[in-house]
Amino acid sequence: MNPEEEKKPTDFIREAVAEDLKSGRFSYVRTRLPPEPNGYLHIGHVKAFMIDYLIAKENNGELILRFDDTNPTKEETEFVDAIMEDARWLGIEWAKVTYASDYFDELYEWAKKLVLMGKAYVDDQSPEEVSANRGTFTEPGRNSPHRDRDVEENLDLLERMKNGEFPDGSRVLRAKIDMAHPNLNMRDPVMYRIIHEPPHHRTGSKWKIYPMYDWAHGQNDSMEGITHSLCSLEYRDHRPLYEWFPEQLGVFKPRQIEFARLNLNYTLMSKRKLRRLVEENHVSGWDDPRMPTLRAMRRRGYTPEAIVEFVQRMGISTVATSNAGVIADAAFLEACVRDDLNKHSLRRMAVIRPLKVIIDNYPDDLVEEMDAINNPEDPSAGARKVPFSKVLYIEQDDFRETPPPKYYRLHPGNEVRLRYGYFIKCTDVVKDADGNIIEVHATYDPATKGGDSPDGRKVKSTIHWVSAAHAQEAEIRMYDRLFTKEDPEEGEEGFLACLNPNSLEILTGYVEPHLASPEIGSRFQFERLGYFCADKDSTSEKPVFNLTVNLKDTWAKLEKKAK
RNA sequence: UGGGGCAUGGUGCAAUGGCAGCACACCAGCCUUUGGAGCUGUGGAUCUUGGUUCGAAUCCAGGUGCCCCAGCCA
């Protein structure tokens, strides 16, 4: 109908892919997702995942999920399953799952081919010698004394390395390029190193040598017919090497394109540091709702749609102003989450810091069923009945004995609306011996049932409530950012020093009867408070809700500003 | 210091030689049976110096600042 309406997202990578198709460099598009199975996926991974997935999809191509399992000392099967689970949750689909280790045999043949061509050699130098002879930024490296070993000897040594005849660290296979190259990656990079233990999670003890990233990754791309190998900025310097190998081998040459990684402020992505948070019990586990991992966000109540929308709206660039790549404002992610949840979540009433209200002129034993709308943003969500009676709980925040300026909520002499209930007016305040307010008394206007006054009288505030006799007690977990600093990563130990002591507050509140036994993982908006998600710790006696994200609170902002 | 990158409001991204725009945040207002949501509006940016051009965020040259690289990690 309106062809020029459809504005497709475009960026330098999509443009490059389109060009390659147009120029005939490639006749199809195939991307790959290369996670290393050594940790859980976090928000930073989502960007790369979506770029690889969507660019393939948009071009009627396919995505291969290939686990980069070239280092048995770091990788575990447990993470393979976790990564697939998280990726599926995001909505990512792949044509097939492969492993770098699937190609170990073929890769080894390719290595021998390079040896035969005189383009690779076995080096007997120790790791220290290799390092010392690599040179520095300003000085060229020195050739290894073994660099010009003849082909037969190289082949023999390589075979014996493979067979486990030599100890770890005693020899490596190196590409023979240029020890004086200004790009250090080209100074005879290591292709294989010897690793006897532990056994590999898929190939067991078959291999005693394992390929390095630079050798395995690019050749695997080539073997799989990957057209576009999209990776982060720090691989820019590896591109000459990425292109050198297939050039020598005369095999299919994929194109590598780099982009800036994604990070969030007030959190960190370092696997090592996240592990310390878990191991030192600063959080309850990898799925603690304060963690930046996808399983934590899922438990917290973030939707995959919101997370995907967030990375899409962030865009793609090559901006390189921080070692973490692009640092997104956590508030932006939260805005995306609110956007999604506002449209789709059911409204419920819950009181998280209860204050008892007694409506003195309401009949003692009367219970009325009030009509409440489930989602004003979505009429198809329908309505429900909520019980109303003489004794209610309201939010402590919704009452002040002596109200500050512009405070519209309940205070002595003031009338407010109980949402879907009645207008009530505060008549009295009851305190305990220490002066703490323990209950509030009020009168209601029977003519205002449902929340409208027939005389056209207005109130400035509407507050939520739960009938005490019908309330379900619930545990409410209120989360705040884990760190008090925007960049907790700076410094080695600094991140522990800036942990937010108030990142978790556990409250006992009351929720309306419809929330008594929620399905685990279901999401709701608690009216006027925020979005909450039913946690797996819920029991039949006591549901548990996690704060996903609060609602924007204009009054809190006003009050804060007044101070 | 050699090599590779990057510089646009507070943040993230656009503008592909032709009026610097969008989102989040911020501020003001409207509306409201959520002080929610929604709507309207304000303020605020091209790292710097020079050059080319009728015209430069964009092209050229110099400068400055920041990021990455000296793993047998990925």
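Every chain is numbered from 1, with letters handed out A, B, ... down the list of sequences. Since we're looking at a predicted model, the values are computed, not measured.
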Rounding to an integer number of angstrom, what distance separates [N] and [M] when you compare their [atom1] atoms?
N	M	atom1	result
B/G50	B/A70	C1'	37 Å
B/U64	B/U49	P	15 Å
B/C60	B/C6	P	13 Å
B/U32	B/A20	P	39 Å
B/G44	B/G38	C1'	25 Å
B/C59	B/G17	P	9 Å
B/C31	B/A37	C1'	11 Å
B/G9	B/C47	C1'	14 Å

Using a heavy-atom cut-off of under 4.0 Å over every strand shown, decide if A/H238 touches base, sugar-phosphate, or nothing.
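Base, at least one base atom sits under 4.0 Å.
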
message: Taking any heavy-atom pair under 4.0 Å as a contact, classify A/S131: base, sugar-phosphate, or nothing.
response: sugar-phosphate

Return no unless some side-chain N or O of [X] is found under 4.0 Å from OP1 or OP2 of [N].
X	N	result
A/K552	B/G38	no
A/R134	B/C72	yes
A/N323	B/C68	yes
A/K557	B/C27	yes
A/R193	B/C73	yes
A/S322	B/C66	no

query: Do NZ/NE/NH1/NH2 and the carboxylate oxygens of A/D188 and A/R147 come within less than 4.0 Å?
result: yes

What I want to check is whether the side chains of A/H201 and A/E76 have a donor and an acceptor closer together than 3.5 Å. no

Mind checking who B/A37 pairs with, Watson-Crick or G-U wobble, both distances under 3.5 Å?
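Base partner found: none.
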
Would the base of B/G4 count as contacting A/R239 through its side chain, where contact means a donor and an acceptor less than 3.5 Å apart? no

**Report entry** Donor-acceptor pair present, A/E377 side chain and B/G36 base, under 3.5 Å
**Finding:** yes

Ring centres within less than 5.5 Å and planes less than 30° apart: is that true of [X] and [N] in this structure?
X	N	result
A/F137	B/U1	no
A/Y213	B/A74	no
A/Y408	B/G35	yes

Nearest to the side chain of A/D237 - B/G4, B/C13, B/G36?
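Ranking B/G4, B/C13, B/G36 by closest atom to the A/D237 side chain puts B/G4 first.
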
key: Per A/R236 side chain, nearest of listed nucleotides B/C27, B/C69, B/G5   =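 Nearest listed nucleotide: B/G5.
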
